[in-house]
Enquirer: 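Handing you this structure, nothing more for now.
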Amino acid sequence: MKKKYKHFETAVIHDGYDDKTMLGSLTPPIFQTSTYTFDSAEQGERRFSGEEEGYMYSRLGNPTVSVLEEKMAALENGERGLAFSSGMAAVSAVLIALTKANDHILCSSGLYGCTFGLLAMMEEKYHISLDFSDMNTEEDVRSRIKPETAVIYVETPINPTMQLIDLQMVAKIAKEYDIPVVVDNTFSSPYLQQPLELGCDVVIHSATKYIGGHGDVIGGLAIGRKEFMNEVAATTQKDVGGVMSPFDAWLLIRGLKTLPVRMDRHCENAEKLLEQLKAHPKVGEVYYPHDASNLHYSIGKKQMKKGGGMISFEINGTKRDAQQFLNHLYFIKIGVSLGDAQTLIEHPATMTHAVVPDESRKKMGITDQLIRLSVGLEAWEDIWEDLEQALDQL
Ligand code: LCS
């Protein structure tokens with residue numbers, strides 16, 4: 001579904017939903033039903049054969065979930081969106097649909113821990129070979145493409161190192177070889193970055209994060225061209241079955257309405273905290289996409305509207321210092337999710353990326369001193385006061 005509204009701020013509220021088809025209900029009703037009845041046996045046959053459009057069973061489609069799917073397709077400028085029970089359900093449905101045994105996947109040098117875990121399982125069970133690359137140059141991307149490369153799978157910004165990948169450059173090369181590029185857009189949300197507009201083929205979100213925005217739902221989304229998304233809908237979504245519940249879809253539709261307002265505030269707060277963190281003697285390297293001293297600053301400026309709400313930084317010290325820093329925090333919560341109204345902080349080496357073997361973790365740039373901060377919507381001065389007092393105790 002193409003975006004119908006000129007501005008993103010209007011589209012997040014209005015796209016994908018027509019209240020006139022829902023008895024004038026201002027908010028989309030929650031269709032809490034497992035199945036749908038048919039007027040006749042023949043109608044059931046027509047629905048299942050695809051001759052007649054309509055709902056049959058909520059694993060195959062649900063009107064509340066459809067509103068979210070259409071809204072997200074519009075926001076990412078894709079043809080069809082699909083909703084899943086988690087971000088990992090979306091990642092696995094897309095990757096399994098795109099690959100077969102003995103294929104090759106080229107990945108960004110860092111990935112969320114469970115995505116890495118899924119790929120490691122596919123490597124072991126289906127002999128799919130993996131290559132990890134920082135994709136810093138065209139030569140690097142080209143040199144890693146093989147005849148059996150089935151997918152290029154990219155996170156940017158990468159969780160948790162905040163390194164960036166030039167999506168336009170990767171998409172251009174992938175087109176030459178006819179390889180689909182899948183982008184996990186969780187850290188940016190469609191408000192800050194639109195991979196399909198940059199030539200990529202499929203966008204994935206852990207909707208658990210900025211799309212929901214309130215830390216109360218687990219969900220996933222995938223958006224892309226109709227032909228491919230129809231295939232996912234009919235195979236790895238329908239038959240593997242990691243579908244979204246109507247209530248979770250309703251929460252995400254509600255969360256989306258404030259996405260631009262929340263994102264602006266996340267970004268503003270992050271920019272203030274970035275300067276404070278960089279000036280603190282207990283803090284080493286700080287990683288943020290729109291920091292002018294960042295290695296990937298020009299990519300960040302080119303493809304992200306703003307720098308986002310995530311900052312990673314090194315504690316000058318040991319793993320123990322990093323853990324003590326977290327323990328000293330007063331109101332900032334230690335927790336592994338991100339993109340919520342509350343500021344959340346975590347230690348990737350022992351939490352989100354603990355499943356990644358030591359050697360791979362080091363290669364990804366995840367040190368024992370690395371801290372990942374999901375900047376919330378509180379007053380930035382309060383967030384800094386808490387961070388500073390915890391740093392000062394080291
Ligand atoms: N992709 C990215 C970039 C993620 O950060 C996550 C979850 C997922 C996919 C999977 O989504 P889920 O199934 O959890 O909805 N990231 C998490 C994190 O950094 N901490 O806790 C979960």
Side-chain angles (χ1 to χ4, degrees), residues 68 72 76 82-96 107-121 132 151 153-165 167 182-190 192-193 195 200 202-223 236-237 240-245 248-249 251-252 255 266 287 289 304 308-312 326 333-340 342-356 361 364 366 370-376:
L68 175 67
M72 280 304 297
E76 286 284 9
L82 293 177
F84 297 84
S85 55
S86 69
M88 285 317 302
V91 173
S92 54
V94 168
L95 280 178
I96 295 168
C107 311
S108 49
S109 55
L111 292 170
Y112 168 56
C114 295
T115 304
F116 183 88
L118 170 75
L119 288 165
M121 185 185 76
F132 294 89
V151 191
Y153 187 91
V154 169
E155 262 177 37
T156 179
I158 293 174
N159 182 0
T161 56
M162 303 305 293
Q163 288 160 31
L164 305 182
I165 284 166
L167 292 177
V182 179
V183 181
D184 185 328
N185 203 24
T186 299
F187 270 38
S188 300
S189 87
L192 298 183
Q193 178 172 274
C200 302
V202 181
V203 174
I204 288 178
H205 287 279
S206 166
T208 314
K209 313 292 161 34
Y210 290 105
I211 305 290
H214 295 75
D216 49 16
V217 59
I218 297 277
L221 294 154
I223 304 103
T236 50
Q237 188 188 46
V240 179
V243 292
M244 180 174 281
S245 82
D248 288 347
L251 283 172
L252 293 168
H266 283 298
Y287 308 104
M304 291 176 71
M310 301 297 296
I311 305 177
S312 290
L326 297 190
K333 306 290 177 205
I334 306 172
V336 291
S337 198
L338 60 104
D340 294 338
Q342 293 98 316
T343 294
L344 289 171
I345 200 159
E346 67 121 1
H347 184 239
T350 58
M351 296 178 188
T352 45
H353 291 70
V355 295
V356 180
R361 207 164 55 229
M364 287 182 181
I366 304 171
L370 187 72
I371 298 290
R372 193 193 74 186
L373 178 68
S374 168
V375 178

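Atoms within each ligand, like the ligands themselves, are counted from 1 in listed order.
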Enquirer: Holding to side-chain contact (heavy atoms from CB on, under 4.5 Å), I want the full list of residues that pass it with Asp184, two or more places apart in sequence or in another chain.
Expert: Tyr153, Glu155, Thr186

Enquirer: Over all heavy atoms of both residues, which pair between Ala83 and Leu68 is shortest? Give the atoms and the distance, please.
Expert: CB-CD2, 4.3 Å

Enquirer: Let me confirm one number: the CG-OG distance from Asn159 to Ser206, rounded to the nearest 0.5 Å.
Expert: 9.5 Å

Enquirer: Where do Arg361 and His353 come nearest, in terms of heavy atoms and distance?
Expert: CD-O, 3.3 Å

Enquirer: Pairs of nitrogen or oxygen atoms, one from ligand 1 and one from the protein, closer than 3.5 Å: please tabulate them with distances.
Expert:
from	atom 1	to	atom 2	distance (Å)
ligand 1	1 (N)	Asp184	OD2	2.5
ligand 1	5 (O)	Asn159	ND2	3.0
ligand 1	11 (O)	Ser206	OG	3.0
ligand 1	13 (O)	Gly87	N	3.0
ligand 1	13 (O)	Met88	N	2.9
ligand 1	15 (O)	Gly87	N	2.9
ligand 1	15 (O)	Ser206	OG	2.8
ligand 1	15 (O)	Thr208	OG1	2.6
ligand 1	16 (N)	Lys209	NZ	2.9
ligand 1	19 (O)	Asn159	ND2	3.0
ligand 1	19 (O)	Arg372	NH1	2.7
ligand 1	19 (O)	Arg372	NH2	3.4
ligand 1	20 (N)	Val336	O	2.3
ligand 1	21 (O)	Val336	O	3.0

Enquirer: Would Phe132 and Phe116 count as a close aromatic pair, with their ring centres under 6.0 Å?
Expert: yes

Enquirer: Looking at every non-hydrogen atom in both residues, tell me the closest pair between Gly339 and Ser374 and how far apart they are.
Expert: N-OG, 2.9 Å

